[in-house]
Amino acid sequence: MTDSEKLDFILSEMQGMKSEMQGMKSEIQGMKEKIDKLSMGQLEIKKEIYMINRKISDTYNVALDALGTSAENRTWLEKGTLV
């Protein structure tokens with residue numbers, strides 16, 4: 001194999017590697033986009049969980065107030081006075 005043939009072989013190998021690397025770059029870019037979308041989705045889920053927690057807390061507080069009011073009303077009805 002002559003030096004010229006060796007250089008041609010090396011050049012064709014390097015061009016193949018360049019093509020493969022460009023393919024990898026586009027795959028990596030695609031993965032970055034997916035990761036960004038996952039991050040945004042995660043933020044949305046966190047917001048929704050926060051809202052659900054607030055609703056649960058508010059519902060618990062309303063139920064607790066209703067229970068207290070019910071107990072006060074029962075006492076008032078039974079004894080004719082408020083506690």
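The backbone N or O of Gln15 sits nowhere less than 3.5 Å from a side-chain atom of Ser19 that would complete a donor-acceptor pair. A donor-acceptor contact shorter than 3.5 Å is absent between the side chain of Ser57 and the backbone of Asn53. Between the side chain of Ser70 and the backbone N or O of Ala66, no donor-acceptor pair lies under 3.5 Å.
Residues meeting the side-chain contact (heavy atoms from CB on, under 4.5 Å) test with Lys34, sequence neighbours left out: none. Under the side-chain contact (heavy atoms from CB on, under 4.5 Å) criterion, Glu44 pairs with Lys47, not counting sequence neighbours.
Taken to the nearest 0.5 Å, the CE atom of Met14 stands 9.5 Å off from the NZ atom of Lys18. Put simply, CG on Asn61 and CD1 on Ile56 are 12.0 Å apart, with the number rounded to the nearest 0.5 Å. How far CD1 of Ile10 is from CG of Asp3: 9.5 Å, rounded to the nearest 0.5 Å. Between the CD atom in Glu33 and the CD1 atom in Ile28 there is a gap of 12.5 Å [rounded to 0.5 Å].
Ile45 and Leu38 fall into different hydrophobic clusters, where Ile, Leu, Val, Met, Phe, Trp and Tyr side chains are chained together by heavy-atom contacts under 4.5 Å.
For the pairing with Phe9, the side-chain contact (heavy atoms from CB on, under 4.5 Å) check across Glu5, Lys6, Glu13 returns one residue only, Glu13.
Summarising the local packing, CE of Met21 is surrounded by 12 or fewer heavy atoms from other residues, nucleotides or ligands at distances under 6.0 Å.
For the pair Leu43 and Ser39, the minimum side-chain heavy-atom distance is 4.5 Å or more.
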